[in-house]
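Each remark here refers to the structure printed beneath this line.
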Amino acid sequence: MLGSVVVGVGIAGSVRMRDLLTPLSSSAAEKLSIKGFVSRRTLDDQQGVKQITMTEALSRADIHVAIICTENTSHEENIRQFLEAGKHVCVEYPMTLSYTSAVDLWNLAQQKGLVLHEEHIELLTPDFKQLKKDICGKTLEKGTLHFTGGPLKPNFGFPAFSGIARLTWLVDLFGELTVTAASLEEEKENKYMKMTAHLLTQQHKPLTWIEERGPGLGRAKHIDLQFQDATITELPAGQREPVGLFMQDLVLFGRKLQGDVSAAELQAERSRILHCLELSDRIQQLSEGARA
Ligand code: NAD
């Protein structure tokens, strides 16, 4: 068994604790047991799990794994501390708020022989799985993915990072991309922002990614994907699955810990994650350059 600790008790951290307490039976998630949680607040037991200090989490020999569920600005420091202490890490996306720090952390994990896993539950949703099947074999001409949602929480970083789940969709569907232009409109007093990134596929087909957030904007993804012989303007409703998204991710993490994921799969995943972070960096640079 691998003892684990959950760091950060927000929405994601609470789900992680629940899943660690009731892992999917006969899955790799059963190899993980929860030893405690770390929070900057002083909290009562959560779901029967005890709070422990960061120092204890980093030093206890029966803790082998950390699951980082804090706000995005503190992921990098938390990951580094746990890797330095010889613990495997699962971090909620985005791993960090820059490409170079993610490369550094991955190198550190490799030197230490530890698993560094970034959660991407958006790739596990039934709608995404169905969309991927629906577009299989189709030739893209152009497309738009427009995300809307409520105001961004503080400390979640530039929208190209906080919204990396949408970019990850585009990269998983259409392959590696390049950024041709990006801009950010922001009305801080109204808690409104709109980021627009123009991307090109390797076949030079244009994709537009928009992240728009503000009060009253419903959480939704609007798509307009034009193919040579078809247009998709609505997300397909995929088949609901009995296993929750975070549990599916925990099983994948558990399989990595058991050495049950092939080197080729790990390499492909790492390339995709680093590619997305590099694109996010570029989008941020271009947006900030455009505003300067
Ligand atoms: P959250 O705002 O619920 O929690 C973020 C951090 O804030 C946590 O460290 C938590 O301990 C702290 N926090 C929460 N309530 C607090 C309070 N009342 N006082 C002081 N601190 C408090 O955010 P979240 O949705 O859990 O997101 C955490 C991470 O998970 C982020 O990196 C996010 O990108 C990622 N993530 C979340 C989801 C999701 O469905 N919520 C999905 C995928 C990835």
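What you see is a predicted model; the values in this text were computed from it and never measured. As the structure lists them, so they are numbered: ligands from 1, and atoms in each ligand from 1.
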Please determine if [X] has a nitrogen or oxygen closer than 3.5 Å to a nitrogen or oxygen of ligand 1.
X: A12; answer: yes
X: S39; answer: no
X: K153; answer: yes
X: V9; answer: yes
X: I11; answer: yes

Short side-chain to backbone donor-acceptor contact, [X] and [Y], under 3.5 Å:
X: E186; Y: M193; answer: no
X: Q284; Y: F158; answer: no
X: R213; Y: P159; answer: no

### Distance-minimising heavy-atom pair for P215 and N190
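Looking at all heavy atoms of both residues, the closest pair is CD-O, 3.3 Å.
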
Structural part of [X] in contact with ligand 1, heavy atom criterion under 4.0 angstrom:
X: R41; value: side chain
X: V15; value: neither
X: C69; value: backbone
X: F156; value: side chain
X: F37; value: neither

Taking [atom] as the reference point, the nearest protein heavy atom with its distance:
atom: atom 34 (O) of ligand 1; value: Y93 O, 2.8 Å
atom: atom 29 (C) of ligand 1; value: T70 O, 3.4 Å
atom: atom 31 (C) of ligand 1; value: N72 OD1, 3.3 Å
atom: atom 39 (C) of ligand 1; value: F246 CZ, 4.2 Å
atom: atom 10 (C) of ligand 1; value: G10 N, 3.4 Å

### Task
Can you figure out which of R16, E92, E71, H120 has its heavy atom closest to atom 7 (O) of ligand 1?
E71

Measure the [atom1]-[atom2] distance between [X] and [Y] for me, rounded to the nearest 0.5 Å.
X: L266; Y: L116; atom1: CG; atom2: CG; result: 11.0 Å
X: E176; Y: L279; atom1: CD; atom2: CG; result: 8.0 Å
X: E141; Y: K205; atom1: CD; atom2: NZ; result: 4.0 Å

### Message
Working note: D249 + H117, criterion side-chain hydrogen bond (donor to acceptor under 3.5 Å, both in side chains); need CA distance, chi angles, decisive distance, verdict.
### Response
CA-CA 10 Å; D249 179 72; H117 168 78; 2.8 Å; yes

### Query
Quick one: which of K221, K194, R166 gives a salt bridge (charged side-chain N to carboxylate O under 4.0 Å, His left out) with E211?
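Exactly one pass, corresponding to R166.
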
For [X], the ligand 1 atoms whose distance to one of its heavy atoms is below 4.0 Å:
X: I121; answer: 42 (C), 43 (C)
X: H75; answer: 32 (O)
X: R40; answer: 9 (O)

### Message
Taking a cutoff of less than 4.0 Å between a non-hydrogen atom of the residue and any ligand atom, is E119 in contact with ligand 1?
### Response
yes

### Query
Any ion pair linking K256 and E269 (charged N to carboxylate O, less than 4.0 Å)?
yes

### Query
Does a salt bridge link R80 with E84, judged by any charged N lying under 4.0 Å from a carboxylate O?
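Not counted as a salt bridge, because no side-chain N and carboxylate O are separated by less than 4.0 Å.
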
### Task
Look at the aromatic rings of F128 and W169 and report parallel, tilted or perpendicular, splitting at 30° and 60°.
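Judged by the thresholds at 30° and 60°, the geometry between F128 and W169 is tilted.
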
